[in-house]
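Each remark here refers to the structure printed beneath this line.
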Amino acid sequence: MVDDSKPGGDRLTDGWFKADTEVEPGDTNIEVAGLDVQPHVFFISIGVIIAFVLVTLFYPGELIANAFGETFASAEGAFGWIQGGIVGHFSWLYILAVNLFIIVVLFFALSRFGKIRLGGVGAEKEFSDLSWVAMLFSAGMGIGLMFWSVGEPLFHFADPLFGAEGETAAGAEVGMATTYFHWGFHPWAIYGLVGLGLAFFSFNRGLPLTFRSVFWPILGDRIYGWPGHVIDILTVFATLFGIATSLGLGALQISAGLSFMGNEVVGTAVPTGTGMQVGIIAVITAIALVSVGAGLDKGIRRLSTLNVGLMLAIMVTVLLVGPTVFVLGLFPQALGTYLSNFPELALWSDSFDNAPYAGWMNDWTIFYWGWWIAWSPFVGLFIARISRGRTVREFIGGVLIIPAVFSFFWMSVFGGTALHFELFTEQGIMETVFDAGEEVAMFELFTLLPFTILLSTLAIILVTTFFVTSSDSGSLVLGHLSSGGKHDAPRKQRIAWALTEGIVASVLLIGGVLGALQTAVITAGLPFVLVLVFLCYSLYLGLSTEYRTLESDEFAEWIEEIEDEQDVVVKKSGSGVVTNIRDTGSKRGGAAEDD
């Protein structure tokens, strides 16, 4: 952690970079039952959450269907109609915006802004590079890789794009490239943009670590009023229900794995119904509470490191016992197909032949873009929280490149192994996966490999730990949002949110409306598209101001005074911009206490 009392700490540069406001994060908070909450955001969010759950559970289907038609006979039908309208009218907006985000984050990383340090020139890294990357996966999409790495390549293999024939080698190649497209640079560009914006405005400008802060260039102090409250309430809503739906989907996969293990090992059928799934959520929530109590460093960090270790163990085992040479050859070939077709994939909207692929765009690309965008406040805020002390270039490089490349190789190992069995052997799992669902895909693949029981056991453990870290990191984010953006919300507050996530997920599973909620969350991504477009401009203004200050003669003269008065090391870039200030011990007794 950075010691702000030292010459190399934040107090060196506060007067140069902090936002011109007298309001501090949490100034308007109240304490309730040991919780430190921003009253407007916390209580209204709780009310909205309860109301939404009740409406979704007790949806007046018959009454609404009689008035508006059969489409609205269920909550899922109503939300599906809304999502269909969004896809029909705004898919172009999703496509253009997500590509814009890639261009913007690359510009920030490769331009003069790349050397700006998150937290100021005196900020130090809070976590090691390994721990940081591990936590990126745990909060970002680690569980998605477990859920879709076998199923999605098979779906695209059976029904490939761009005229390729299904269930052929050409279809497999296009299928893998399409999977790379959905799990590669685009989602991580979204997360990187949001994380960079939140980290910059919070650490460099001293604003609350909440989504309202990205509106500072336009709203100024009004971010602390109702405009800011509304923004954070929407963010709480998207975060909580995004985590709740993921807990529900995770329960489905763990339940499928336990059922598989019961049949294969014990010879006894394990129930897979709602009761079992609710029990799984209860166990995940209980473990998450222990992790929340341990704190960010001992809880999420250690679990995230465990996650990466388990991922590597499973991936390497499948690679070695499966078609190793085929997978190693598929990885660069599929990557080349993805990169060579990147512009076409990235900008394809099927405008000239809408009828055959309208459902495909809805179910795949627009589904993913809406999901990543809806999740971006949650994942971005968590990434921001753990990224203090990193330069913009290092941040974007780590967030955009490392997870994407790992995801490509992971998909090649699992999806490629499944495709090898479909293409070159009499064995296959495609029909079983299509009938039973994606949650059984990985376990069905393991039946075709040695060490089936070991791999299945490790997979169940890994899915569980991924969901624990997702719940834990979600609780951390919700704690920030509900405490007015304070960097350290009370432990009781994070525990309360972890319990709320588990309860909401369980209630929605019992009510059978998890699918409706998932559709609603994706639909909520539409307004966030416009918010993120604004964030591009807002962040450009903020980084430009910081760069001009770092390059100014006045700041350079002030740095020289600091060097003369205190024993510090000043590092500068080739352009003369100060990139870091490190304390080496004061020359004068008591100097470290001077402001």
Side-chain angles (χ1 to χ4, degrees), residues 41 44-45 48 52 79 81-108 185-202 207-220 222-223 225-242 346-347 349 361-362 365-381 383-384 477 481 485 518-544:
V41 173
I44 294 177
S45 296
V48 170
F52 188 86
F79 291 134
W81 179 82
I82 295 172
Q83 185 181 354
I86 289 174
V87 172
H89 294 88
F90 296 103
S91 59
W92 60 271
L93 178 61
Y94 279 100
I95 291 169
L96 291 177
V98 173
N99 285 290
L100 171 67
F101 302 152
I102 290 184
I103 296 172
V104 168
V105 296
L106 287 176
F107 168 73
F108 288 149
F185 299 121
H186 283 83
W188 287 103
I190 297 170
Y191 293 159
L193 175 66
V194 176
L196 180 61
L198 290 168
F200 176 79
F201 283 108
S202 178
L207 297 170
L209 188 54
T210 71
F211 215 77
R212 69 176 72 197
S213 295
V214 303
F215 288 86
W216 170 262
I218 286 182
L219 297 178
R222 284 178 293 172
I223 65 167
W226 276 108
H229 299 333
V230 171
I231 293 166
D232 282 351
I233 290 168
L234 291 174
T235 307
V236 168
F237 178 87
T239 298
L240 178 72
F241 284 114
L347 297 171
S349 62
M361 286 293 290
N362 192 352
T365 302
I366 302 303
F367 166 84
Y368 277 131
W369 289 182
W371 185 255
W372 305 141
I373 290 169
W375 261 58
S376 63
F378 154 51
V379 180
L381 199 153
I383 293 174
V477 168
L481 293 168
Q518 185 178 2
T519 304
V521 171
I522 297 167
T523 303
L526 179 61
F528 276 109
V529 171
L530 303 177
V531 172
L532 298 190
V533 170
F534 163 77
L535 175 58
C536 297
Y537 178 65
S538 175
L539 188 53
Y540 173 78
L541 294 178
L543 292 172
S544 297

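Along the sequence shown, residues carry numbers from 1.
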Could you tell me the separation between the [atom1] atom of [X] and the [atom2] atom of [Y], rounded to the nearest 0.5 Å?
| X | Y | atom1 | atom2 | value |
| --- | --- | --- | --- | --- |
| Ile383 | Leu198 | CD1 | CG | 10.0 Å |
| Tyr191 | Trp188 | OH | CH2 | 7.0 Å |
| Ile373 | Leu193 | CD1 | CG | 10.5 Å |
| Asp232 | Ile44 | CG | CD1 | 11.5 Å |
| Leu196 | Cys536 | CG | SG | 10.0 Å |

TODO: Any chance you could lay out the side chain to side chain contact (heavy atoms under 4.5 Å, CB included) test for Val531 and Phe215, step after step, and finish with the verdict?
DONE: CA-CA 9 Å; Val531 172; Phe215 288 86; 3.8 Å; yes
Are the side chains of [Y] and [X] in contact, using a 4.5 Å heavy-atom criterion?
| X | Y | result |
| --- | --- | --- |
| Phe534 | Leu530 | no |
| Leu381 | Val194 | no |
| Leu207 | Ile223 | yes |
| Pro217 | Phe201 | yes |

Please list every donor-acceptor pair under 3.5 Å in which a side-chain atom of residues 96-103 meets a protein atom from a residue at least two apart or in another chain.
{"unit_1": "Asn99", "atom_1": "OD1", "unit_2": "His186", "atom_2": "NE2", "d": "3.0"}
{"unit_1": "Asn99", "atom_1": "ND2", "unit_2": "Ile95", "atom_2": "O", "d": "2.6"}
{"unit_1": "Asn99", "atom_1": "ND2", "unit_2": "Ala346", "atom_2": "O", "d": "2.9"}

- [ ] Could you check whether the rings of Trp375 and Phe378 sit parallel, tilted or perpendicular, using 30° and 60° as the cut-offs?
- [x] perpendicular
Open item on the list: Can you tell me how the ring of His229 sits relative to the ring of Trp226, calling it parallel under 30°, perpendicular over 60° and tilted otherwise?
Closed with: perpendicular
Task: By side-chain contact (heavy atoms from CB on, under 4.5 Å) - contacts of Thr235 (at least two apart) - done: Phe211, Ile231, Thr239, Pro377, Leu481, Phe528
How close do [X] and [Y] get, counting heavy atoms only, and between which atoms?
| X | Y | answer |
| --- | --- | --- |
| Ala238 | Ala374 | CB-O, 3.8 Å |
| Ser91 | Ile366 | CB-CD1, 3.8 Å |
| Gly197 | Leu535 | CA-CD1, 4.1 Å |
| Trp369 | Pro187 | CZ3-CD, 4.3 Å |

Determine yes or no for a side-chain-to-main-chain donor-acceptor pair under 3.5 angstrom, with [X] supplying the side chain and [Y] the backbone.
| X | Y | value |
| --- | --- | --- |
| Ser213 | Pro208 | yes |
| Tyr94 | Leu526 | yes |
| Ser376 | Ile190 | no |

Open item on the list: Counting only heavy atoms from other residues, nucleotides and ligands, does the tally under 6.0 Å from CZ of Phe107 exceed 12?
Closed with: yes
